[in-house]
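Some notes on the structure that comes next.
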Amino acid sequence: GAYLLKLVSDVGEAHYVPLTVRDDHAVGSLVVVSAVTTWQAYNPWAGCSLYRCYDGPGRSTVVSFDRPYAATYSWGAADFLTHELPLIALIEELGIDTVYVTDIDLHTSGAGLGEPADAVLVGRTALLTTGHDEYYSTPMRATLERARDRGLNLAFFGANAVYRHVRLEANDEGRPFRQMPNYRSIKDDPIEDAAAKTVQWRNPPLRKPESALIGVQYFAAGVRGSLQVVTPDNWIFAGANLRRRRRFKKLVAIEADGLGPEEVEPEGLEVLASSPVRFRGGTYDHAMTYYSDESGAGVFATGTIAWIKALDERSWKDPTTTAFVRTATTNVLRAFARGPAGRDHPSRPNAKRYRSVVRPPEGTET
């Protein structure tokens, strides 16, 4: 299960602690992955994250799992309350048997390090990643690729997934997988192995855009735009009573994805929603996609971090959008729980129709 502990001191101070309990023998068709590598990347505990230092210049290039999440990071809950809990609540409400793991489990299972390879996949039908699942090691990505190639469905209920390449290393006491380097450049990373360099997945020397797996890839943070449905007759929207080009305001928000390089695009990629997003002088096209793999797997991506937040009507405060998001998510969850969704729901390729020239603002990181 996925838990949030609340620790209360004898003087009334409190701190949250998210906890994932893994049980490979538990009954469950779905696997929900908690994005703890991304949480640690943003964690400012002790003054620095992978993004900045809060008491001086610079940023950390290596962060540790041997620390709690800072009180300034949702009172220690990290992204659990906003980017994961609404999805978990819906799954449990629907009564779908589910098991829970973390990104670290994808890493150890993918590398066969101290456990059978792909242990987290045995007996499952789908892997679900949550709102913001950005930091991926090579074994983590390999676990997802093998899952798809074996007919397991993949759902990316967020954006900016599998964007930054990381390693997991031992701490000073020799405990494995306790430190996570991310240097973001070939020259700054001291490791000699080119394949282990901690750059963006799409950049040299890796050259593996995340869209080759997901169907879409990251384009900007801090965006806010409408989600426009372009294929309302797709099975994912069954029961939503949509018309073509129906818009849902503010649903493309926080971070967003669009189509990636055509040469690595999954065969049969179907765009479900597409709309232009203007951001800091640039113009992008958001994309929500689905494709059926030759293995029978279905791969769904929302392309927006706001998707899971919109599942919670109380915080989203737009009942119409929440009803749409809950309907589409429920359709995906139920189909993915039954088995390889691509067999019953083959995708209808249309990506060429929605591919346009993207003009990022000058100086934007690619």
Side-chain angles (χ1 to χ4, degrees), residues 18 20 33-46 48-53 58-67 69-70 73 78-79 83-84 101-114 120 127 129-147 154 156 158-172 174-214 217-218 221 255 257 305 365-366:
T20 300
V33 182
S34 189
V36 297
T37 52
T38 300
W39 296 358
Q40 277 304 356
Y42 285 87
N43 184 12
W45 179 273
C48 290
S49 70
L50 285 180
Y51 291 84
R52 59 174 292 190
C53 288
R59 69 177 187 90
S60 179
T61 54
V62 182
V63 291
S64 171
F65 284 90
D66 294 326
R67 57 183 183 151
Y69 299 110
Y73 196 177
D79 287 336
H83 295 356
E84 301 196 359
V101 301
T102 72
D103 286 328
I104 306 299
D105 296 306
L106 296 186
H107 179 89
T108 58
S109 183
L113 299 170
V120 296
L127 276 171
T129 83
T130 49
H132 195 186
D133 198 10
E134 179 178 352
Y135 286 78
Y136 263 69
S137 67
T138 295
M140 286 166 57
R141 178 166 178 162
T143 298
L144 295 191
E145 291 172 339
R146 284 196 302 272
L154 302 178
F156 297 87
N160 191 216
V162 198
Y163 178 60
R164 297 194 189 275
H165 181 239
V166 294
R167 299 189 300 273
L168 295 179
E169 299 177 343
N171 63 10
D172 292 341
R175 293 181 62 201
F177 322 127
R178 303 305 297 170
Q179 294 184 354
M180 184 174 72
N182 184 241
Y183 291 91
R184 302 188 185 176
S185 77
I186 297 174
K187 62 180 182 64
D188 292 339
D189 195 330
I191 199 166
E192 295 184 3
D193 183 2
K197 294 285 187 180
T198 53
V199 297
Q200 280 83 291
W201 272 99
R202 67 182 73 167
N203 288 352
L206 303 179
R207 294 188 175 90
K208 293 186 65 177
E210 61 270 33
S211 57
L213 168 66
I214 301 170
Q217 66 179 36
Y218 167 75
E255 298 191 21
D257 296 343
I305 286 182
E365 182 182 20
T366 59

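Here the side chain of T130 pairs no donor or acceptor atom with the backbone of S34 at under 3.5 angstrom. Side-chain N or O atoms of R184 include one that pairs as donor or acceptor with a backbone N or O of L50 at under 3.5 Å. Although no hydrogens or angles enter the test, the distance criterion places a donor-acceptor pair under 3.5 Å between the side chain of R178 and the main chain of F65. Of the possible donor and acceptor atoms, none in the side chain of R141 sits under 3.5 Å from a partner among the backbone N and O of Y136. Counting only distance, with no hydrogens or angles, the side chain of R175 and the backbone of D66 share no donor-acceptor pair below 3.5 Å. Between the side chain of D133 and the backbone N or O of V162 there is no donor-acceptor pair closer than 3.5 Å. Using modelled atom types, one side-chain atom of S49 and one backbone atom of Y51 make a donor-acceptor pair closer than 3.5 Å.
Pairing each heavy atom of L127 with each of A147, the nearest pair is CD1-CB, 3.9 Å. Closest approach of E255 and A159 over heavy atoms only: O-CB, 3.5 Å. Residues T143 and S109 approach most closely at OG1-C, 4.1 Å, considering heavy atoms. When every heavy atom of M180 is checked against every heavy atom of T37, the shortest pair comes out as CE-O, 3.1 Å. The heavy-atom pair separating H107 from L168 by the smallest distance is CG-CD1, 3.5 Å. In terms of heavy atoms, R202 sits closest to Y218 at NH2-O, 3.0 Å.
To the nearest 0.5 Å, atoms CG (N203) and OH (Y163) are separated by 7.0 Å. Taken to the nearest 0.5 Å, the OG1 atom of T138 stands 6.5 Å off from the CG atom of L206. Note that CZ of R52 and CZ of R59 are 13.5 Å apart. Values are rounded to the nearest 0.5 Å. To the nearest 0.5 Å, the span separating CD on Q40 from OH on Y69 amounts to 4.5 Å. Between the CZ atom in R164 and the OG atom in S137 there is a gap of 15.5 Å [rounded to 0.5 Å]. To the nearest 0.5 Å, the span separating CG on N160 from CD on E210 amounts to 7.5 Å.
Under 4.0 Å is where a charged nitrogen must lie from a carboxylate oxygen, and between D189 and K197 no such pair does.
Using a 4.5 Å cut-off on side-chain heavy atoms (C-beta onward), S64 and N171 make no contact. Counting heavy atoms from C-beta outward, I305 and H83 have side chains that approach closer than 4.5 Å. L213 places a side-chain heavy atom less than 4.5 Å from the side chain of L144. Within the 4.5 Å cutoff, no side-chain heavy atoms of V63 are placed close to those of C48. Counting only heavy atoms from C-beta outward, the side chains of W45 and Y73 never approach each other to under 4.5 Å.
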Between H132 and T38, does the side-chain hydrogen bond (donor to acceptor under 3.5 Å, both in side chains) criterion hold? Intermediate values first, please. CA-CA 7 Å; H132 195 186; T38 300; 5.6 Å; no
Practice item. Determine, stepwise, if the pair Q200 / Q217 fulfils side chain to side chain contact (heavy atoms under 4.5 Å, CB included). Key: CA-CA 11 Å; Q200 280 83 291; Q217 66 179 36; over 6 Å; no
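Ring planes of H165 and W201: perpendicular class, angle over 60° (limits at 30 and 60°).
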